[in-house]
Engineer: 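Quick one: structure below, then a few questions.
Every heavy atom of this structure was used, including side-chain atoms; hydrogens, water molecules and symmetry mates were not.
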Amino acid sequence: MEEIGFLGMGIMGKAMAMNLLRHGFKVTVWNRTLSRCDQLVEHGASIGETPGAVLNKCKYTIAMLSDPAAAVSVVFDKDGVLEQTCTGKAYIDMSTVDADTSSKISEAITLKGGRFLEAPVSGSKKPAEDGQLVILAAGDKALYEEALPAFDVMGKKSFFLGQVGNGARMKLVVNMIMGSMINAFSEGLVLADKSGLNPQTLLDVLDLGAIANPMFKMKGPTMIQNSYSPAFPLKHQQKDMRLALALGDENDVSMPVASAANEVFKKALGVGLGDLDFSAVHEIVKGDQHPS
């Protein structure tokens, strides 16, 4: 691939762009708050003043943005991606959005002669830093093949899932399961503690059984310590639960477990935990044990 543009220097985007730089890619970066690009510039990145300027400079532009509204804004607003889209330009949106948003962006890009690939990722801060994300791509198959050298640097495995929208749907299903699991896990930690058991022993037992998984192993010790440094902010997890439940409505799928989990995330948002890690939902589960 030639020089790559990268839009969005949040927790994920910054780590992903850094991996591209470390592996010898030329990268031009943009962020709404430009100072967030400073560390990338120290490692050899160039700065684009606007999303459109980045796309104009680079054949391939990747976006990693916080939510559907941000993904749409970067494409359609003044000085956005769409203003500079033309034949020969490729746009790869790795943000987590709903299928409708992805389709809307895809149609706009392709109508102007550009090529589009959605490629949301499964994984949070540490996998992003380590180049161990799972990439869920859909859309232009040829563009997917061309992007593989970059994907191989940012991720440990890439999937091509067919038409635009399928990457978004797969990501929402994965994050819905994750959000439901972290709630059940929180309830288990609190139940063990209230029952006079050592929560650390619960972690050891879980890790040896059929439901052992990396999330419990990674999040459990910090949850016991009430430490929630954001690898994946709770506000984004709640957004994904909301979008997954909407997908359930579209497909007439009853989701009582995910619905209940979403209510706990909403409560966490309401008390100001949105910028903490999504595992901070544990604080709500703990708090529910004490009548106010």
Side-chain angles (χ1 to χ4, degrees), residues 11-12 66-68 94-102 118-128 132-138 155-162 165-191 202-203 205-207 209-223 228 230-269 273-274 276-285:
I11 290 172
M12 299 294 288
S66 57
D67 57 27
M94 302 186 78
S95 318
T96 298
V97 301
D98 56 287
D100 286 348
T101 297
S102 210
E118 64 170 356
V121 302
S122 181
S124 57
K125 182 181 180 183
K126 185 78 164 66
Q132 293 292 298
L133 297 167
V134 178
I135 295 167
L136 308 170
K156 62 182 175 181
K157 175 77 175 175
S158 298
F159 292 86
F160 183 76
L161 302 172
N166 284 348
R169 293 183 189 99
M170 181 69 83
K171 176 64 194 292
L172 293 177
V173 171
V174 169
N175 277 18
M176 178 273 292
I177 294 170
M178 183 172 77
S180 301
M181 279 174 63
I182 201 76
N183 271 276
F185 185 44
S186 294
E187 290 177 7
L189 287 171
V190 172
L191 181 59
L202 171 63
L203 296 186
V205 172
L206 288 174
D207 199 41
I211 57 169
N213 69 76
M215 183 176 76
F216 291 175
K217 193 179 182 79
M218 182 166 53
K219 299 294 183 187
T222 53
M223 290 166 73
Y228 308 107
F232 179 45
L234 187 144
K235 62 186 176 185
H236 297 330
Q237 174 66 64
Q238 193 279 318
K239 174 257 301 181
D240 292 348
M241 296 300 284
R242 172 170 49 80
L243 294 174
L245 288 166
L247 185 63
D249 286 345
E250 284 173 36
N251 292 282
D252 299 321
V253 177
S254 174
M255 293 163 62
V257 175
S259 296
N262 185 45
E263 291 304 314
V264 189
F265 283 118
K266 281 159 63 177
K267 191 168 182 180
L269 274 183
L273 302 179
L276 298 180
D277 190 72
F278 76 103
S279 57
V281 75
H282 186 224
E283 290 298 305
I284 300 300
V285 177

Engineer: Could you grab the distance from atom CG of Leu273 to atom NE2 of His282, nearest 0.5 Å is fine?
Structural biologist: 12.5 Å
Engineer: Is there a donor-acceptor pair closer than 3.5 Å between any side-chain N or O of Glu283 and the backbone N or O of Ala268?
Structural biologist: no
Engineer: Once side-chain contact (heavy atoms from CB on, under 4.5 Å) is applied, do any residues pair with Leu203, and if so which ones, sequence neighbours excluded?
Structural biologist: Phe185, Leu189, Gln200, Pro221, Ile224
Engineer: Does anything in residues 209-218 form a salt bridge (Lys or Arg N to Asp or Glu O under 4.0 Å)? List the pairs, not counting sequence neighbours.
Structural biologist: Asp207-Lys217
Engineer: With sequence neighbours excluded, what pairs up with Val253 under the side-chain contact (heavy atoms from CB on, under 4.5 Å) test?
Structural biologist: Asn251, Met255
Engineer: Taking ring pair (Phe, Tyr, Trp, His ring centres under 6.0 Å) as the definition, give me every residue that meets it alongside Phe160, ordered by chain and number, with sequence neighbours left out.
Structural biologist: Tyr144
Engineer: Restricting to side-chain hydrogen bond (donor to acceptor under 3.5 Å, both in side chains), what partner residues turn up for Thr101, sequence neighbours left out?
Structural biologist: Asp98
Engineer: Where do Ser186 and Met223 come nearest, in terms of heavy atoms and distance?
Structural biologist: OG-CE, 3.3 Å
Engineer: Atom NZ in Lys126, atom CG in Leu133: separation rounded to 0.5 Å?
Structural biologist: 11.5 Å
Engineer: For Asp277, enumerate each residue passing the salt bridge (charged side-chain N to carboxylate O under 4.0 Å, His left out) test, keeping only those at least two apart in sequence or located in another chain.
Structural biologist: Lys219
Engineer: Can you tell me if Asn166 uses its side chain to pair, donor with acceptor, with the backbone of Leu161 under 3.5 Å?
Structural biologist: yes
Engineer: Let me have the donor-acceptor pairs involving side chains of residues 170-178, under 3.5 Å, with sequence neighbours excluded, atom names and distances please.
Structural biologist:
residue, atom, partner, partner atom, Å
Lys171, NZ, Thr96, OG1, 2.6
Lys171, NZ, Val121, O, 2.8
Asn175, ND2, Asp240, OD2, 2.7

Engineer: Using every non-hydrogen atom in the two residues, find where Ala261 and Met241 come nearest and quote the distance to one decimal.
Structural biologist: CB-CE, 3.8 Å
Engineer: So which atom in Ala231 and which in Ser124 form the shortest heavy-atom distance, rounded to 0.1 Å?
Structural biologist: O-CB, 3.6 Å
Engineer: Using the salt bridge (charged side-chain N to carboxylate O under 4.0 Å, His left out) criterion, which residues pair with Asp249? Sequence neighbours excluded.
Structural biologist: none
Engineer: Kindly write out the residues that satisfy side-chain contact (heavy atoms from CB on, under 4.5 Å) with Lys157, not counting sequence neighbours, or none if the list is empty.
Structural biologist: Phe159
Engineer: Per the side-chain contact (heavy atoms from CB on, under 4.5 Å) rule, which among Ile182, Ile284, Leu276, Leu269 passes with Leu234?
Structural biologist: Leu269
Engineer: Considering residues at least two apart in sequence or located in another chain, which fulfil the salt bridge (charged side-chain N to carboxylate O under 4.0 Å, His left out) criterion with Lys235?
Structural biologist: Asp275
Engineer: Might you point out which heavy atoms bring Ser259 and Leu245 nearest each other, and give the distance in Å?
Structural biologist: OG-CD2, 3.4 Å
Engineer: Let me confirm one number: the CE-CZ distance from Met215 to Phe232, rounded to the nearest 0.5 Å.
Structural biologist: 11.5 Å
Engineer: Could you tell me which residues satisfy salt bridge (charged side-chain N to carboxylate O under 4.0 Å, His left out) with Lys156, sequence neighbours excluded, listed by chain and number?
Structural biologist: none
Engineer: Sequence neighbours excluded, which residues qualify as side-chain contact (heavy atoms from CB on, under 4.5 Å) partners of Ser66?
Structural biologist: Ala70, His236
Engineer: Looking at Ala168 and Pro120, what are the two nearest heavy atoms and their distance?
Structural biologist: N-CG, 4.0 Å
Engineer: Strictly distance-based, threshold 3.5 Å: is any side-chain N or O of Glu118 a donor or acceptor partner for the main-chain N or O of Ser102?
Structural biologist: no
Engineer: If I take atom CD from residue Glu263 and atom CD from residue Gln238, how far apart are they, to the nearest 0.5 angstrom?
Structural biologist: 9.0 Å
Engineer: Is the closest side-chain heavy-atom distance between Leu243 and Pro68 below 4.5 Å?
Structural biologist: yes
